[in-house]
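Here the structure comes first, spelled out in structure tokens, and everything after it is commentary.
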Amino acid sequence: MAEKQPPQSEHFTLIDERTGQRYRQSLLNGTMGPPAIDIRNFYHTAGVLTYDPGFTSTASCKSAITFIDGEKGVLLYRGYPIQELARQSDYMEVCYLLLYGELPSPAEKDEFVRDIKHHTLLHDQLMHFFRGFTRSAHPMAIMVGVVGALSAFYHEDTDIYDPEQRMLAAYRIIAKMPTIGAYAYRYTIGRPFVYPRNDFSYAENLLYMTFSVPSEDYEPDPVLVKALDRILILHADHEQNASTSTVRLAGSSGANPFACIAAGIASLWGPAHGGANEAVLKMLMEIGDKRRIPQYIARAKDKDDPFRLMGFGHRVYKSYDPRAEIMRQTCYEVLEALGLRDDPLLELAMELERIALQDEYFVERKLYPNVDFYTGIVLRAMGFPTRMFTVLFAIGRTVGWVAHWKEMISDPETKIGRPRQLYVGAEKREYVPLEKRPSPGKRTWSRFWGGGGEK
Ligand code: SDX
């Protein structure tokens, strides 16, 4: 790959109107997208912090992995449009691309696929971790726990400052996530684990380990395999989203990569992030009928109602999420192939989208369907229970997390992530001995005492 030129610098001047002091900051230009004001030394020189809850205007790092143009609905993995990768590539090739920065040659791809296949098994001791969970445990809770436990199995031989060992850790986690995800599901339904098969592709193995019955042969359905592989591609990476930023922040302290990925899984689980695909299905099931759509649209607009239209809106996309477009097409293909073309949930989703996209509230706020809006309908049609939807998102996103972790570790500008705050707490005050303190009303925390005392 041609060596990218380092960002050129121009300047941006900030003026402190209290003193008239001018602060001339460098302006960093990337290869695409908005420039960034370099404020690394701003607090040191100006004595003031910048305030940006949720990091809506903050670039946390430089990255060459994924580019998003939210206004135009553009998503590129290492420069390649998501539409072309979804149509012409496969998930293993996209993993290679995200990790190495270039599309593999045929020989490189064969070697990569073979190497990944030879890391899909779990250490036999690790299998005991599943049995520590209740059968009713959410598969995401199991996945967080088991992936975190992997750090105990590879802690000794993971020198994160050795590029070879970083890549080995990447291969291991990418390879083991389908096994862990499938086992997390099978454990909750009391079905025995089945080992991955090296004659199956990545997506075939994921379906096989999830749905096969040990007493029968299993032949993966090519339509489902292709749809699942495409879903994994669409979820592979997405710049500095909450879970990827979590992985980077955890990794910036030098933590074990498996522990960092476990942190990313935990962050992804939230309904505002990767948990939205499960929440969309629950929302559609709750709406149930097209005639009830207006009342849910009204609730989504009501500031006194915490309800939000799940699968709608995005921090970066202020236009249609290109992944949602591809997911909707995949919906048609899968439902058609499965003879479920008239799936009432799809019709309900499309009517909800139609009404919302005509509503001033959504139009004004540029709220469009995101990747999660249609994914759940496809996954449900494929036979996955809703509680597995975010597990599948995590499996797809693992390559993105680990690619960013690798990029962060090898970036000479990386420092341990340690944001500051705007302090709004109590000013300095003297300690008051217990016997001299007034006894105000009942403190709230006794309500949470579960030790058998009186409620
Ligand atoms: C993912 O970051 C990524 O890249 C994430 C992701 C990835 O691949 O990693 O793309 C995956 O997480 C997709 C998003 C999945 N989440 C959902 O579908 C949950 C529903 N969406 C919202 O919670 C929300 O849109 C977010 C969390 C996605 C984005 O929130 P922001 O950027 O903080 O936007 P905001 O809350 O400031 O909203 C701006 C306005 C507000 O109204 P006003 O204060 O201006 O009056 O839009 C409203 C919000 O109330 N709004 C919604 C809404 N989303 C935003 N109102 C109703 N329904 C919604 N879904």
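Counting starts at 1 for both ligands and their atoms, in listed order. Every value quoted in this text rests on a predicted model; they were computed, and no experiment measured them.
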Heavy atoms from other residues, nucleotides or ligands near CZ of Phe307 exceed 12 (cutoff 6.0 Å)
yes
Distance from [atom] to nearest protein heavy atom, with residue and atom:
| atom | value |
| --- | --- |
| atom 26 (C) of ligand 1 | Arg308 NH1, 4.4 Å |
| atom 10 (O) of ligand 1 | His314 NE2, 2.6 Å |
| atom 2 (O) of ligand 1 | Asn241 CB, 3.4 Å |
| atom 45 (O) of ligand 1 | Arg365 NE, 3.5 Å |
| atom 33 (O) of ligand 1 | Arg315 NH2, 2.8 Å |
| atom 20 (C) of ligand 1 | Phe312 O, 3.4 Å |
| atom 7 (C) of ligand 1 | Arg397 NH2, 3.5 Å |
| atom 19 (C) of ligand 1 | Met310 CE, 3.5 Å |

For atom 39 (C) of ligand 1, is some protein heavy-atom partner under 4.0 Å away?
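Looking at atom 39 (C) of ligand 1, one finds that no protein heavy atom lies closer than 4.0 Å.
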With atoms numbered from 1 as shown, which atoms in ligand 1 lie under 4.0 angstrom from a non-hydrogen atom of Ala276?
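It comes down to these atoms of ligand 1: 15 (C), 16 (N), 17 (C), 18 (O).
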Within ligand 1, which atoms have a heavy atom of Ala300 less than 4.0 Å away?
56 (N), 57 (C)
Record the part of Leu367 in heavy-atom contact with ligand 1 below 4.0 Å; permitted values are side chain, backbone, both and neither.
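The answer is the side chain of Leu367.
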Ligand 1 versus Arg323, non-hydrogen atoms closer than 4.0 Å: side chain, backbone, both, neither?
side chain
Between the side chains of His238 and Tyr317, is a donor N or O closer than 3.5 angstrom to an acceptor N or O?
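Present: a donor and an acceptor within the cut-off.
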Between Val247 and His404, is there a side-chain heavy-atom distance shorter than 4.5 Å?
no
Among Gln240, Arg299, Met283, Lys303, which one puts a heavy atom closest to atom 42 (O) of ligand 1?
Lys303
What I want to know is whether [X] and ligand 1 share at least one N or O pair that is separated by under 3.5 angstrom.
| X | result |
| --- | --- |
| Asp372 | no |
| Leu309 | yes |
| Gly311 | yes |

